[in-house]
Each structure stands twice: as C-alpha cells, then as structure tokens.
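Below you'll find the structure, written out as structure tokens, and then a few comments.
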Amino acid sequence: MENNLKTFFKPKSIAVVGASKNSTKIGHAALKNILISDYECNLYPINLKEDEILGLKCYKKLGDVPDKIDLVLVSVPAIKVPQIIKECKQKNVENVIIISSGFSEIGNNELENEIKKIVKKSKMRILGPNTMGYKNASDSLDASFVFGVPRKGNLALISQSGALGIGMIYLANNEFVGVSKIIGVGNKLDIDDDDLIDYFSTDPETKVIGLYIEGVKDGRAFMNSIKVCDKPVLVVKAGRSSAGARATESHTGSMAGSDKIYSAAIKQAGGIRCRDLVELFDMARALAGQPPAMGNRIGIITNGGGLGILLTDACEENGLKIPKLSPKTYKKIDRILPEIIKPNNPVDIVGDAGFYRYEACTKALLEDPKIDGIIVASVHGGYARPREFTGAILKMIRQRKLHEEYKKPILGTWVGGKEFEDLVYDLKSAGVPIYPSSWRTARSMFGLYLEGERIKRNG
Ligand code: COA
C-alpha cells in the first residue's frame with residue numbers, strides 16, 4: 001500500500017531521536033512541542049543515556065520501543081542520521097522528519113544519497129533533511145522544534161525555508177490568516193512540494209495552498225500537481241534576479257532556474273504567482289473568506305474620490321475592468337446619492353455618507369449582473385462615518401447571507417490608520433479582507449478573478 005501521508009500528519013505514535021534534557025537543544029524543543037500539543041498520541045523520547053525526559057520514559061534506541069511508531073523526528077548530527085534511518089527501516093517506520101542540517105545545502109550530497117539507498121523500495125517517507133518539521137494546526141499537533149502557534153484556518157503553507165516558515169506563522173497571525181498546516185520541506189530528499197499539494201488538495205481542512213519555493217526538483221510533477229489540484233495554489237518563487245538566484249543556491253542548494261519559464265509554467269498550470277509573502281497572505285485571505293470573482297468587472301464604492309481613482313488605476317493595471325454603470329444600476333444609485341453628485345463607477349458616495357448610502361449602494365452593485373466583484377473603500381476624511389460603513393457591511397453579511405445570495409466577493413480598502421483599527425478588526429473577523437492600500441486590494445481581487453477563471457476552465 002502506498003504511503004499517502006495520512007499517518008505523517010496524524011500519527012498515533014511519535015518518537016524523537018536525539019531528545020534531550022538540555023532545554024537549549026533542538027531535540028528538547030521538538031519533544032516539548034509535541035508533548036504540549038493538544039493532540040493524543042504515544043510519545044517516545046530516544047536518547048542514549050537518559051531514562052526519562054520531560055516526565056516521559058526514554059528509550060536508548062528505536063528498536064527498544066514496544067509500540068509501532070508512525071512518525072520519527074530525528075535531531076542528531078548529520079553524520080549519525082543514516083544509522084537512525086536504518087533503525088527506522090528495521091522498525092517499519094513509515095514517516096521520518098530529519099531536522100538535522102549538514103546535507104546537500106552545504107554540498108554534502110553523499111550523505112543524502114546514502115539515505116536514499118537505505119530507504120529505496122520501502123514505503124518510508126522522509127521530510128527534510130534541514131527542516132523545521134510541521135505544525136498541523138487543524139489537529140493541534142506541533143511536530144516542529146520552533147515556537148509559534150498559528151491561528152487555525154484554511155491555508156496550507158509549504159515553505160522551503162525554515163526561518164521564513166516560522167516568520168510566516170507570525171505574519172499569518174498578524175494578517176488574520178488562519179492556517180491548516182505549515183510545513184518546512186527543507187532539502188526535499190523525498191517529500192516534495194508536489195506530494196504536499198496532492199495531499200492538501202484532498203485535505204478537508206485546507207481551502208487554499210501557499211508555497212514559498214526556491215527551486216523545484218521535478219518541474220513536471222510540480223506543475224502537474226498544481227494543474228490537477230481543485231483548490232487555489234499561490235506560489236512565491238524566490239530567486240527572480242540573477243543575484244537572488246545565486247543566493248538560493250547557497251541557501252538550500254536549489255537551482256533557481258529561468259524565472260520567466262517558472263512564471264509561464266505556474267500560470268499555465270493554473271497557479272497564481274505572488275510577488276512576496278504579504279501578497280500571498282493578502283490573496284489567501286481573500287480566497288479563503290470570499291467567493292471567487294466570476295468575471296473581471298469590478299464595482300468600487302468610496303467616500304473619497306481620490307481613493308476611488310487609485311483603486312481604478314490599480315485594478316486596470318492588473319487586468320480588471322471598472323465598467324460604466326448599467327442604466328438600471330445608475331438609476332438605483334441616483335436615487336440614493338445627494339443631488340450634488342452623479343453616479344459613476346467608482347461610486348463616490350461623498351464624505352458625509354452614513355449607513356444608508358453605504359448599504360444601499362453596495363446592494364445596488366451586488367444586484368447588478370454586470371458587476372463581478374466589489375471593493376468598498378473608506379478613507380478617514382476627518383468627517384467620515386466609518387463605523388456606519390462597517391455596520392452596513394456586517395449587517396449584509398450576517399443577515400442577508402451576502403455570499404450565498406449574490407455569490408460575489410467584497411474586499412475593502414481602508415485608509416485611516418489607527419482610527420480605523422477596531423473596525424478593520426471587526427470586518428476581518430467576519431471574513432471581509434481589508435487592506436490599507438489600493439494596490440494590495442486590486443491584486444487580491446485579481447487573485448479572486450484568476451480563481452474564478454480556473455473554476456470556469458475546469459467546468
Ligand atoms: N541515539 C540516541 N540519542 C542520540 C544519538 C543516537 N544515535 N546520538 C546522539 N544522541 C543524543 C545526544 O547524546 C544528545 O543528547 P544529550 O543532550 O542528552 O547529550 C542528543 O541526542 C542530541 O545530540 P547532539 O550530538 O547533542 O546534537 P545537537 O543537539 O547539538 O545537534 C542537531 C543536533 C540536529 C540539532 C544539529 O546537528 C543541527 O543540524 N542543527 C541545525 C538544525 C536546523 O537548523 N535544521 C533546519 C531548520 S530549518
């Protein structure tokens with residue numbers, strides 16, 4: 001039977017080889033993270049000389065453990081790892097995470113080849129070496145040695161860089177993006193990005209997949225996994241410049257490859273390439289919380305004309321259209337707006353707009369079949385009533401089942417700094433992504449549009 005990574009992410013028993021009483025050691029942190037996880041499993045520290053670590057009975061070697069072991073974390077110096085892998089094989093361990101560094105990332109390819117030879121023809125799957133491990137937020141299992149508790153949610157994150165993976169946990173938390181799993185793939189001796197995309201494509205806890213990659217080992221398999229995946233796949237590919245490509249080689253030993261080819265291939269496979277991590281989280285937030293845009297026609301509502309223009313430019317630059325209002329919508333909005341202004345798209349509802357104007361104009365655009373997505377923009381003009389704007393959107397979400405009824409995404413651009421903070425928090429908590437910049441909003445709407453196109457293509 002093939003190993004489909006089920007026991008990798010949901011093991012019933014875990015051993016940590018290289019567990020230590022010394023709290024400064026990685027093997028101690030890894031053991032502790034699993035121990036304090038709100039996750040039920042049998043846990044076995046393995047250490048040559050200890051009888052007990054963190055209150056758990058300790059074994060000298062894997063072979064001494066009287067139980068079947070689903071997952072082994074290895075935290076001993078690289079040179080000792082092949083021997084541990086042999087012991088894993090003897091014990092029929094199906095999944096191993098090699099935390100240890102000192103392999104191909106520093107040119108020590110022989111050691112990795114030795115491990116590959118040992119596991120050949122077995123169904124053992126290996127993550128790493130040179131990895132932080134993973135955090136399975138959906139099941140509250142922390143099989144990593146690093147700090148950080150991700151907010152639970154629907155984004156599966158795959159990172160080739162451990163440190164960046166850790167940074168991503170905090171960034172995700174700040175950006176109100178919930179995570180299902182976050183995993184560091186390290187040197188990708190075995191478990192590769194494509195294996196994980198395949199796994200996450202059927203993971204019920206995952207709605208969106210995000211990757212930070214420096215290079216891929218099997219381009220065809222990678223692109224194919226994106227192509228067959230029925231969920232949005234967001235890719236940050238580092239090493240765009242020639243200096244960046246040089247840096248990836250010394251970081252994880254990856255060859256960055258031609259950047260243009262990567263871009264074209266990711267696009268052709270149906271993935272979305274993001275410029276950086278903030279963009280990945282911006283898009284992930286939109287894709288996880290909003291329906292896709294089934295076309296590129298966007299309606300903008302704003303209480304500040306300038307912000308409306310900035311949004312129009314940013315949308316048009318990203319291939320979105322800000323069409324003129326249809327006669328029917330024009331009439332509806334004309335009845336709502338004060339006489340001093342005529343309806344347009346962007347719909348400028350003027351600085352003194354309150355609850356009614358916000359709500360009625362948003363509804364008019366939602367009802368227009370020629371509008372595929374809506375951006376609500378609010379600028380703190382010193383006179384604005386953003387609390388009423390927030391209330392209008394929240395009311396529509398909570399009472400009118402906004403997404404089920406109209407099936408259109410709503411994103412927000414709010415420019416008001418600290419004064420807007422608690423309102424933005426309320427909206428984000430309700431799943432409405434709010435961005436502080438017109439560009440970020442337009443890019444996220446573009447992500448929703450690409451997702452709509454992908455869905456249409458796949459029928
Ligand atoms: N079986 C059981 N226990 C063993 C063992 C074996 N074969 N070999 C060593 N041990 C024990 C050691 O005695 C030690 O326990 P102790 O503290 O009680 O003495 C423990 O395992 C760890 O071994 P040690 O030799 O002390 O290694 P270390 O903890 O200093 O370093 C690594 C090990 C893996 C952390 C280190 O080599 C490394 O690679 N660090 C970088 C990891 C990293 O950054 N990864 C990528 C993240 S993105």
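Nothing here was measured: the structure is a model prediction, and the numbers come from that model. All residue numbers in this chain count up from 1 along the given sequence. As the structure lists them, so they are numbered: ligands from 1, and atoms in each ligand from 1. When reading the values below, keep in mind they use all heavy atoms of this one structure, side chains included, and skip hydrogens, waters and symmetry mates.
A 6.0 Å sphere centred on NZ of Lys267 holds no more than 12 heavy atoms belonging to other residues, nucleotides or ligands.
Using a 4.0 Å threshold on non-hydrogen atoms, atom 36 (C) of ligand 1 does not count as touching the protein. For atom 21 (O) of ligand 1, the nearest protein heavy atom lies under 4.0 Å away. For atom 47 (C) of ligand 1, a protein heavy-atom neighbour is found at a distance under 4.0 Å.
Atom numbering of ligand 1 starts at 1 in the shown order; those under 4.0 Å from a heavy atom of Gly162 are 48 (S). For ligand 1, the atoms lying closer than 4.0 Å to a non-hydrogen atom of Lys80 are 8 (N), 9 (C). Ligand 1 places these atoms under 4.0 Å from at least one heavy atom of Phe145: 47 (C). Taking a cut-off of under 4.0 Å to the non-hydrogen atoms of Ser75, the atoms of ligand 1 that pass are 22 (C), 33 (C), 34 (C), 35 (C). Those atoms of ligand 1 with a heavy atom of Met132 less than 4.0 angstrom away are 47 (C), 48 (S). Close approach of ligand 1 to Gly18 (heavy-atom distance below 4.0 Å) involves ligand atoms 20 (C), 21 (O), 22 (C). If you number the atoms of ligand 1 from 1 as listed, the ones under 4.0 Å from a heavy atom of Ser20 come out as 16 (P), 17 (O), 18 (O).
Between Phe420 and the choices Trp414, Tyr435, Tyr425, the ring pair (Phe, Tyr, Trp, His ring centres under 6.0 Å) rule is met once, by Trp414.
Neither the backbone nor the side chain of Lys61 has a heavy atom within less than 4.0 Å of ligand 1. Contacts with ligand 1 closer than 4.0 Å are made by side-chain heavy atoms of Lys49 only, the backbone lying farther away.
The minimum heavy-atom distance between Leu111 and Gly102, with the atom names listed, is CD2-O, 4.2 Å.
Within the model, atoms CG of Asp194 and OG of Ser225 stand 5.0 Å from one another, a figure rounded to the nearest 0.5 Å.
Comment: Lys12 does not engage Asp70 in a salt bridge, judged by the lack of any side-chain N to carboxylate O separation of less than 4.0 angstrom.
Distances from atom 15 (O) of ligand 1 to the heavy atoms of Asn130, Asn47, Ile84 put Asn47 nearest. Taking only non-hydrogen atoms, the option from Leu62, Val16, Ile26 nearest to atom 40 (N) of ligand 1 is Ile26. Counting only non-hydrogen atoms, the option in Lys21, Gln160, Lys25 that gets closest to atom 26 (O) of ligand 1 is Lys25. Nearest residue to atom 45 (N) of ligand 1 from Thr24, Ile99, Val17, Val76 is Ile99 (criterion: closest heavy atom).
Heavy-atom separations between Pro77 and ligand 1 include at least one value shorter than 4.0 Å.
No close placement of the Tyr199 and Phe8 rings is indicated, their centers lying 6.0 Å or farther apart.
With hydrogens and angles left out, the side-chain atoms of Thr206 and Ser180 include a donor and acceptor closer than 3.5 Å. In summary, the side chains of Glu205 and Asn154 do not present any donor paired with an acceptor at a separation below 3.5 Å, with no hydrogens or angles considered. A donor-acceptor contact closer than 3.5 angstrom is absent between the side chains of Asn22 and Ser20.
Taking the ring axis of Tyr59 as reference, the NZ or CZ atom of Lys61 does not stay both within 45° of it and closer than 6.0 Å to the ring centre. Both the sub-6.0 Å distance and the 45° axial angle are not jointly satisfied by Arg285 relative to the ring of Phe176.
The aromatic rings of Phe9 and Phe200 sit tilted, their planes meeting at an angle between 30° and 60°.
Protein heavy atom closest to atom 3 (N) of ligand 1, with residue, atom name and distance, is Leu48 N, 3.4 Å.
Geometrically, ligand 1 and Ser101 share a nitrogen or oxygen pair separated by less than 3.5 Å.
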